[in-house]
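So that the names make sense, note that chain A is the first sequence line, chain B the second, and so on, each numbered from 1.
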There are 2 protein chains.
Amino acid sequence: MVKITDVARHAGVSPSTVSYALSGKRPISEETRQRVEAAIRELGYRPHAGARALASSRSNVLALVVPLRAGIHVPVVMQFAVSVVTTARRYDHDVLLLTQEEGEEGLRRVADTALVDALVVMDVQLDDARLPLLRSLDLPSVMIGFPAEADGLTCIDLDFKAAGEACVEHLARLGHRVVALIGSPPEVYVRQTAFAQRVVQGFTAAADRGRLVSSVHPCEATPAAARAVAEQLLREQPALTGVVVHNEAILEPLIDAFDQLGLRVPADLSVTAICPDELAAAPRTPVTSVALPSAEVGARAVELLMNKLDGKTVPEATLLPPRMTERASTAPRAFP
Amino acid sequence: MVKITDVARHAGVSPSTVSYALSGKRPISEETRQRVEAAIRELGYRPHAGARALASSRSNVLALVVPLRAGIHVPVVMQFAVSVVTTARRYDHDVLLLTQEEGEEGLRRVADTALVDALVVMDVQLDDARLPLLRSLDLPSVMIGFPAEADGLTCIDLDFKAAGEACVEHLARLGHRVVALIGSPPEVYVRQTAFAQRVVQGFTAAADRGRLVSSVHPCEATPAAARAVAEQLLREQPALTGVVVHNEAILEPLIDAFDQLGLRVPADLSVTAICPDELAAAPRTPVTSVALPSAEVGARAVELLMNKLDGKTVPEATLLPPRMTERASTAPRAFP
DNA sequence: CCAGGTCGTCGAAGCGATTCGTCGAATCGA
DNA sequence: TCGATTCGACGAATCGCTTCGACGACCTGG
């Protein structure tokens, strides 16, 4: 293994000079830097991660906490994860993957052993058990999602409440007066998962404000469940003309189900969704949707962390405003 | 931060004794160990990962390489990943997440910087660009999946060829003579993804051996594509009575599509699948399937790595035999 | 021309563990 | 009873890098 002393000798400088040339923490003459860089290239030098971590008390590794709980939509979670990883790399960091098998103990472990410099926490619940731990740890952390009480913690997410409102308001503007929210699987609500709850809040608030008739329907992530909900709606809410879907897995099956029940989208029924853009654009009838900007959220989360690591202060809450794209699935209410 | 010297002082021993008590690499008297453990507990000591890595040249971190290429089924990939993480934890290792944004350079980097001790490589292609690199690296690695030429590399996977055969043979035993394989999205085949190819091989070989009429149909991972394939089959293969599905995303939509086309499963059409058991069991008509044992594969992959890290020799190839579960979707061919 | 700065580099002291070699004490067989 | 082992613990070296203080050389302004 080639080490920094080898590089130093080869370049005719001292190890510390190599280190400074690499980190830029002290000025190094252009000429010397050139020589050092050449030596590094010729020898194929790579600093030893452990040594670097020990000496600098920075591991350049972030922990990504991904509790894959029941009912979540895995592909969307992975979009976040990928975005976190690629952004971390841009800042010369790697990402350690923590699942929730270990519970909070895993967090404490990677923090206490200085294995990671900072934490990205996903799938936050309104009353998340990890909050006290995150507060007590002296590592910087960012949560993707908002708990009920986030004082002293940094959070970022799509403004799901506003997203729910935007969907309802869009439908209201089109003249719809009876709307339904088809949401995540029941267990997600039981767990008080933050983003799911907030959509409901926004949906309900906007509907009330607009004096719409509204109802909320959790739905399992299976085509069969989607069909069942569609049938139930047709039966129990015959006046229904507007739907908000907040459940990635069943967006397409649900539209199919409506179709088979004789409800044409958008002629008979306008559909909006809160989901990644690719997903909304995919069905035969592309769906008007509020984008779930996973890539942006992941990237911004990492950027927040990097700022914290640099000692900068960052806003506690970052709510990304909803961005709605109109597609073919919504139309003005038809008055028969 | 509490360090090993603190523990040593508190327990009235030397640092090296603490280290040996922890690692068990040298005998320590029961009584001393007790004292050391008590001290550790009281002080809440956690060894510094970087220091440990530097001194022992072991980071206790594995890299998990997950190229999230187009067309793969993300939830299944995550099952592997979770299984790798939890198994790694059982061996006191953590997992670094590498996506393929960086390409092979990422592999080289984590290897050269001694950031990880070993590699788990997923989504292997028949002619995988990473093979030479893996061979040249002196880190142990395990591939989940089989490339065309695996000499000198350790691989593990479900025996997809045998799985394809098992499905066909099951259908043949039930009297079916015209069968079709509905496979992964076209791009997966274009990429020469190992496991997809092998299913085709097994499917075709078994069909030929049994003198069945067979055809292969790649299929995008969308309900619409599933419907299209179903319609195409009905049109072009009216004698078809047996189907093998190797595409997690469309198993359920496909069955629905057949249903809507008036093909009853299993009365008119027998369906088998290669997919995780949960998925096969989920549809209204549970599907006879060969299990995709992600948890087992992930766990065994890590175990292989641990053995390699211990200097033990391990088999180069581990092919898990297919395990088929009969469910409601297959029945003897009806002779009208 | 000199005090006071910069600039660029060096040397050495850590960082916090692991791991040798060593050494006293206890144990054992003859 | 004595030398030979074994056992358990210690001390010091070491892992490879970062960082702090220091120190010439070179400027600059008064």
Side-chain angles (χ1 to χ4, degrees), chain A residues 1-37 39-40 43-61 92 109-117 309 311, chain B residues 1-37 39-40 43-61 92 94 109-117 309:
Chain A
M1 187 203 185
V2 33
K3 41 189 159 189
I4 200 170
T5 53
D6 301 328
V7 176
R9 198 176 323 117
H10 196 267
V13 299
S14 78
S16 52
T17 301
V18 175
S19 178
Y20 287 124
L22 234 42
S23 69
K25 295 193 179 172
R26 281 198 184 176
I28 295 289
S29 72
E30 184 53 27
E31 188 222 327
T32 305
R33 191 208 319 294
Q34 300 285 347
R35 279 221 312 291
V36 169
E37 278 167 10
I40 289 178
L43 301 181
Y45 168 69
R46 285 285 175 76
H48 186 287
R52 191 202 272 269
L54 177 57
S56 66
S57 45
R58 277 294 186 85
S59 67
N60 276 33
V61 175
D92 196 30
R109 182 174 53 80
V110 296
D112 287 354
T113 58
L115 185 48
V116 306
D117 295 335
L309 282 171
Chain B
M1 187 203 185
V2 34
K3 40 190 158 187
I4 200 170
T5 52
D6 300 329
V7 176
R9 196 177 324 116
H10 197 268
V13 299
S14 78
S16 53
T17 301
V18 175
S19 178
Y20 286 123
L22 234 42
S23 69
K25 295 192 181 174
R26 279 197 186 177
I28 295 289
S29 74
E30 184 53 28
E31 188 223 328
T32 306
R33 191 205 322 292
Q34 299 285 347
R35 278 219 315 289
V36 169
E37 279 166 11
I40 289 177
L43 301 182
Y45 168 68
R46 285 284 175 78
H48 185 287
R52 192 204 273 267
L54 178 57
S56 67
S57 45
R58 278 293 188 84
S59 66
N60 275 34
V61 175
D92 196 29
D94 276 285
R109 182 174 53 81
V110 295
D112 288 354
T113 58
L115 186 49
V116 306
D117 294 335
L309 282 171

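- Two residues are said to be in side-chain contact when any heavy atoms from C-beta on lie closer than 4.5 Å; B:Leu22 and B:Tyr45 meet this criterion.
- Going from atom CD of A:Glu31 over to atom P of C:dC7 covers 18 Å, rounded to whole Å.
- Rounded to an integer number of Å, the gap from A:Ile4 CD1 to C:dA12 P is 16 Å.
- Contact of the A:Val61 side chain with the A:Leu115 side chain is not registered, since no non-hydrogen atoms from C-beta on lie closer than 4.5 Å.
- A:Tyr20 contributes no side-chain N or O that forms a donor-acceptor pair with the base of C:dC7 under 3.5 Å.
- Interatomic distance, OG of B:Ser16 versus NZ of B:Lys25, reported as 14.0 Å (0.5 Å rounding).
- The shortest non-hydrogen separation linking A:Arg35 to A:Ala11 is NE-O, 2.9 Å.
- Using a 4.5 Å cut-off on side-chain heavy atoms (C-beta onward), B:Thr17 and B:Ile28 make contact.
- Under the 4.5 Å side-chain criterion, counting only non-hydrogen atoms from C-beta, A:Asp117 is in contact with A:Asn60.
- Each of A:Lys3 and B:Gly12 has a nearest nucleotide on DNA chain D; the 5'-most of these lies closest to B:Gly12.
- No donor-acceptor contact under 3.5 Å links the side chain of A:Tyr45 to the base of D:dC17.
- If you run side-chain contact (heavy atoms from CB on, under 4.5 Å) between B:Arg52 and each of B:Ser59, B:Ser23, B:Ser57, B:Pro47, only B:Pro47 comes through.
- To the nearest angstrom, C1' of C:dG16 lies 13 Å from CZ of B:Arg9.
- The stretch residues 46-58 of chain A touches DNA chain C through A:Leu54, A:Ala55, each having a heavy atom within less than 4.0 Å of the strand.
- Rounding to the nearest 0.5 Å gives a distance of 11.5 Å between CG of B:Asp92 and CZ of B:Arg58.
- Backbone-only engagement by A:Val13 is indicated by non-hydrogen atom pairs under 4.0 Å involving sugar-phosphate atoms exclusively.
- The CG atom of B:Asp112 sits 12 Å away from the P atom of D:dC17 (whole-angstrom rounding).
- Put simply, A:Ser16 has no side-chain N or O that comes within less than 4.0 Å of OP1 or OP2 on C:dG11.
- Following rounding to the nearest Å, B:Ile40 (CD1) and C:dA17 (C1') show an atom-to-atom distance of 13 Å.
- Residues from residues 22-30 of chain A that place a heavy atom under 4.0 Å from any atom of DNA chain C, listed by number: A:Arg26, A:Pro27, A:Ile28, A:Ser29.
- Ion pairing between a basic and an acidic side chain is recognised when a charged N comes within 4.0 Å of a carboxylate O; B:Asp6 and B:Arg9 show such pairing.
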